[in-house]
Asks: 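Okay, handing you the structure first.
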Amino acid sequence: MAEANLDKKPEVKPPPGLKAIIDHLGQVYPNQPNPLQVTTLLKYWLGGQDPLDYISMYNYPGDVDRNIPPHWHYISFGLSDLHGDERVHLREEGVTRSGMGFELTFRLAKTEVELKQQIESPEKPQRPPTWPANLLQAIGRYCFQTGNGLCFGDNIPWRKSLDGSTTSKLQSLLVAQDPQLGCIDTPTGTVDFCQIVGVFEDELEQASRWNGRGVLNFLRQDMQTGGDWLVTNMDRPTSVFELFPETLLNLQDDLEKQGSDLAGVNADFTFRELKPTKDVKEEVDFQALSEKCANEENNRQLTETQMKREEPSFPQSMSMSSNSLHKSCPLDFQAQAPNCISLDGIEITLAPGVAKYLLLAIKDRIRHGRHFTFKAQHLALTLVAESVTGSAVTVNEPYGVLGYWIQVLVPDELVPRLLEDFRSAGLDEKCEPKERLELSWPDKNLKLIIDQPEPVLPNVLPMSLDAAPLKM
């Protein structure tokens, strides 16, 4: 009888989702089987605050023939389902994605000092900066806390230098598909690799107004702005529109002809019904709906971790430049089969910081037959054009509440009046109003107020980040 080796430990195999990503990266970087890695000490499912278990950092040497500069390549592990046992992400019937369906990546150009060291001491190992790992972790934390997923072409207003310095002008982000990693199938579902790209404020502004993918294509055209692989250079001195002014003219021409791909933003708003008579069909306003939604959410038999794993706030169909809502609801939680409550009129209050998106919504979305959504806490407010299909409102009944989704139909004939009144009131695409503004259209029983909405439900955390644009 053979003697058992009691000292031999059983081989520990990585869980299926994790192994699939490791194998994929092993094919891309066969000469770097053990990259440097930032590891979360207290895992998220054990009560930790950081949702990304690991962030691997690869050394890309550059490719002169393809104009790809030497850079550091950061890849996250944790937004997709690494384990497949529901410790972090629920598996839902019919859902093909793994976890949230994506992982984050970032490409950071090497500095002059690093390039010099690479040439003079090629045998000496280099250590990448770790601040990009903190950046990815912060974005991952936001995605987990809000349920908001990322899609290619999205933009993230960071509003401070990405590396924390006082010199870099890159203070915002666009989301592209990683050119090396693409999309993979894993045992736990599909995973997109979303590359975060540092951009100037004017590049973010045009991406918000027009098309994130379009601005990314501009950046790809020159090595100075990232090249084909969209490598972020924190020392980049000028934006793509300063380098190539003709691109801005082309963009503005396309925007005028085609409209914007931005379909919604996180934004503080409130609303109440305007009643031409004293007859009250049903009390419907922001406060009442928020309280009702919060109560129903609390009554659902879900654990705290399950609540973090729901569908992203804006489903992918909301991110498309389409005339149809595809019957999609831009909410974390919606009542089952709700009936639409028609409102006689509506008063909407929007925060000053999102006033510019009101102008964008009418000029670059509604005018082109599309829809635009403002999302605050539990509720969503969608403006729809006459030609949008799948909405709960009509020309005869233009204001309605479908569960926790407020819909406002803007008739074609009202659009030029809105734009003219916005201009007369001084609404600007670049500056937020300094004083309270009130605009009304009595014949439509519609009123808009630009002012800080009154806070409601102080114990409910808002799921927004300063009107950060969500989708294209």
Asks: Taking the side chain as every heavy atom from C-beta outward, state whether Leu150 and Leu104 have any atom pair closer than 4.5 Å.
Replies: yes

Asks: Evaluate the ring planes of His71 and Tyr60, with Trp represented by its six-membered ring, and classify them as parallel (under 30°), tilted (30 to 60°) or perpendicular (over 60°).
Replies: parallel

Asks: Atom CD of residue position Glu435 - does it have more than 12 heavy atoms of other residues, nucleotides or ligands inside 6.0 Å?
Replies: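 No, because the 6.0 Å sphere around CD of Glu435 holds 12 heavy atoms or fewer from other groups.
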
Asks: I'd like to check the ring-ring contact (aromatic ring centres under 6.0 Å, His included) partners of Tyr74; sequence neighbours left out, ordered by chain and number.
Replies: none

Asks: Is there a side-chain contact between Asp63 and Trp229 (heavy atoms, below 4.5 Å)?
Replies: no

Asks: Applying side-chain hydrogen bond (donor to acceptor under 3.5 Å, both in side chains), name anything that partners Gln117, two or more places apart in sequence or on another chain.
Replies: Gln126

Asks: With a 4.0 Å cut-off on N to O distance, would you call Glu256 and Lys363 a salt bridge?
Replies: yes

Asks: Mark yes or no for whether Gln206, through its side chain, and Val215, through its backbone, hold a donor-acceptor pair below 3.5 Å.
Replies: no

Asks: As a quick check of understanding, evaluate salt bridge (Lys or Arg N to Asp or Glu O under 4.0 Å) for Asp421 and Arg417, giving each step before the final call.
Replies: CA-CA 6 Å; Asp421 290 343; Arg417 290 173 56 192; 5.4 Å; no

Asks: Does a side-chain heavy-atom distance below 4.5 Å link Phe422 with Leu448?
Replies: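 They are in contact (side-chain heavy atoms under 4.5 Å apart), so the answer is yes.
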
Asks: Taking only residues two or more places apart in sequence, or in another chain, which ones meet Gln37 in a side-chain hydrogen bond (donor to acceptor under 3.5 Å, both in side chains)?
Replies: Ser56

Asks: Going through the distances and angles, do Glu242 and Lys169 end up as a salt bridge (Lys or Arg N to Asp or Glu O under 4.0 Å)?
Replies: CA-CA 13 Å; Glu242 293 172 313; Lys169 296 181 180 180; 5.8 Å; no

Asks: Using the rule side-chain contact (heavy atoms from CB on, under 4.5 Å), only one of Ile449, Leu358, Val408 pairs with Ile348; which is it?
Replies: Val408

